[in-house]
Protein chains: 2
Amino acid sequence: MHTYRDLALHILKDKGLRITKPRRLVVDVLDKAEQALSAYDIKDLLSEQGEKVDTVSIYRIIECLEANQLVHRILTTGKVRKCQLEHEDHCQLERSNHCHHLLICQKCGDIEEIHCLGLTTVIKDVEKESHFKVREHNLEFLGLCAKCA
Amino acid sequence: MHTYRDLALHILKDKGLRITKPRRLVVDVLDKAEQALSAYDIKDLLSEQGEKVDTVSIYRIIECLEANQLVHRILTTGKVRKCQLEHEDHCQLERSNHCHHLLICQKCGDIEEIHCLGLTTVIKDVEKESHFKVREHNLEFLGLCAKCA
DNA sequence: TTCACTGCAAACCTTTTGCAATTCT
DNA sequence: AGAATTGCAAAAGGTTTGCAGTGAA
């Protein structure tokens, strides 16, 4: 069973980063959460379970996770959420070019991650019409999830 | 000649809002700027031309302009930029449902605004595949503009 | 043992709030 | 005149920096 937790820590280790207690705790919290979390959200959740990690460290751990593509950042809130690693190869190269979009439920806050579909056509059209070279894109959808609709 | 400045102030007036000196100054700065600006960017630009508007007022003016769809907010930075009003009807109803996407140049910072093309197809696909009801979307492209490419 | 990482203190930057003074209409 | 808007002071919130101490490999 490869959980997010195991995979994430494994990927960090592979890159020569250290598996410290604060890092394990933060990854644990992210693994359990369905919603996106801010640094303070994480701090509060840890407090609830009797663990204390300094806010500054949480910021740095988030930064590290983001740099290694283990969390997504929600554009509109700046909060982060675990990436879906389950369906992916663990291979570094394979992971790097994946493109995800988020479906954010405005009612329950749950976030679903979908893979790029059809957007490449849009991008080609944009490039053709505007002579703009697209290198990155940010796309997120807000609405109602299957449960709340 | 309908400049952004004239149109924006006209729209505010139509809604019963007052055309004050600080509002005129901020709209002026936004009109001249090609890049997106933060509240402090605006404050600094005003200082350069010898005008002083309180930071808090700038925040409130931006809020007002955003509420009336006269500025776009860049997702990744929170900065704002004038909307393209030139090609649009001034009619309230016509303006309300327009959907824009931004092309942000990573080199010179210039921002181009394009109208929704092809994304509706993507949204329909997403809704079909995921049972998620899309109500809003955020999409911006980062890359190189025609000049910088 | 060594170097990456954490914790603490403090600074910094951004944004918000309350209220009195101002100024559009 | 009357109401909307601004400016000021202050607080609140979020994020970053520097450095000494700790702990993973």
Side-chain angles (χ1 to χ4, degrees), chain A residues 5-6 8-30 35-47 49-68 70-81, chain B residues 5-6 8-30 35-47 49-68 70-81:
Chain A
R5 195 202 121 98
D6 293 338
L9 294 177
H10 184 256
I11 288 167
L12 290 183
K13 197 171 222 167
D14 270 4
K15 300 208 178 184
L17 297 165
R18 294 184 179 169
I19 310 308
T20 63
K21 193 182 176 197
R23 279 184 180 159
R24 264 187 284 114
L25 288 170
V26 170
V27 169
D28 261 355
V29 166
L30 286 168
Q35 281 93 353
L37 305 173
S38 68
Y40 280 94
D41 291 337
I42 295 172
K43 189 181 176 58
D44 292 344
L45 286 169
L46 286 172
S47 293
Q49 60 186 67
E51 299 287 355
K52 193 194 165 198
V53 177
D54 191 78
T55 314
V56 176
S57 301
I58 296 178
Y59 273 102
R60 291 194 268 228
I61 291 168
I62 290 175
E63 188 181 27
C64 164
L65 294 174
E66 192 180 17
N68 290 287
L70 297 172
V71 292
H72 282 299
R73 198 174 284 271
I74 313 302
L75 299 176
T76 34
T77 61
K79 299 187 173 192
V80 293
R81 184 171 182 279
Chain B
R5 194 203 120 98
D6 293 338
L9 295 177
H10 183 256
I11 288 167
L12 291 182
K13 198 172 220 167
D14 270 3
K15 299 209 179 185
L17 296 164
R18 292 182 181 173
I19 310 308
T20 63
K21 193 183 176 195
R23 279 184 180 160
R24 261 187 286 115
L25 289 170
V26 170
V27 169
D28 261 356
V29 166
L30 287 167
Q35 282 93 352
L37 305 173
S38 69
Y40 279 93
D41 290 338
I42 294 173
K43 189 181 176 61
D44 292 344
L45 287 169
L46 286 172
S47 293
Q49 60 186 66
E51 300 285 355
K52 195 198 164 199
V53 177
D54 190 80
T55 314
V56 176
S57 302
I58 296 177
Y59 273 102
R60 291 194 269 229
I61 291 168
I62 289 175
E63 186 181 30
C64 165
L65 294 174
E66 192 181 18
N68 290 287
L70 298 172
V71 292
H72 283 299
R73 197 174 285 270
I74 313 303
L75 298 176
T76 33
T77 62
K79 298 188 174 193
V80 292
R81 184 173 182 276

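Being a predicted model, the structure only gives us computed values, none of them experimental. Every chain is numbered from 1 and lettered A, B, ... according to where its sequence line falls, protein lines coming before strand lines.
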Measure [atom1]/[X] against [atom2]/[N] and give the value in whole Å, please.
X	N	atom1	atom2	result
A/Leu9	D/dA24	CG	P	13 Å
B/Lys13	D/dA4	NZ	P	17 Å
B/Leu65	D/dT6	CG	P	10 Å
B/Ile19	D/dT6	CD1	C1'	15 Å
B/Lys52	D/dT6	NZ	C1'	11 Å
A/Arg23	D/dA24	CZ	P	12 Å
B/Asn68	D/dA4	CG	P	15 Å
B/Arg24	D/dA4	CZ	P	20 Å

Nearest atoms (heavy-atom pairs only) where [X] meets [Y]:
X	Y	result
B/Val27	B/Ala8	CG1-CB, 4.1 Å
A/Lys43	A/Val53	NZ-O, 3.3 Å
B/Leu12	B/Cys64	CD2-SG, 4.1 Å
B/Arg24	B/Leu9	CG-CD1, 3.6 Å
A/Leu30	A/Ile42	CD2-CD1, 4.3 Å
A/Ile74	A/Ala36	CG1-CB, 3.6 Å

Let me check the geometry of the helix from C/dT1-D/dA25 to C/dT25-D/dA1. What is the bend angle between the axes at its two ends, five pairs each, to 10°?
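End-to-end axis angle: 40°.
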Go through B/Ser38 and B/Asp41 one step at a time and tell me if the side chain to side chain donor-acceptor pair (under 3.5 Å) criterion holds.
CA-CA 5 Å; B/Ser38 69; B/Asp41 290 338; 3.1 Å; yes
Please find the earliest and latest nucleotides of DNA chain C, in the 5' to 3' direction, that have an atom within less than 4.0 Å of any heavy atom of chain A.
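For DNA chain C, the relevant span reads C/dC3 to C/dA9.
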Any residue meeting salt bridge (charged side-chain N to carboxylate O under 4.0 Å, His left out) with A/Arg60, in chain and number order, not counting sequence neighbours
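For A/Arg60, no residue satisfies salt bridge (charged side-chain N to carboxylate O under 4.0 Å, His left out) once neighbours in sequence are set aside.
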Measure the shortest side-chain to side-chain distance between A/Gln49 and A/Asp28 over non-hydrogen atoms and say whether it is less than 4.5 angstrom.
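Side-chain contact under 4.5 Å: no.
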Nearest of D/dT6, D/dA3, D/dA24 to any side-chain atom of A/Thr20?
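Nucleotide nearest to A/Thr20's side chain: D/dA24.
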Using a 4.0 Å heavy-atom cut-off, does B/Arg60 contact any base of the nucleic acid, only the sugar-phosphate backbone, or nothing at all?
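Base contact.
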Nearest-nucleotide 5' precedence on DNA chain C, B/Leu17 against B/Ala39:
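Upstream on the strand: B/Ala39.
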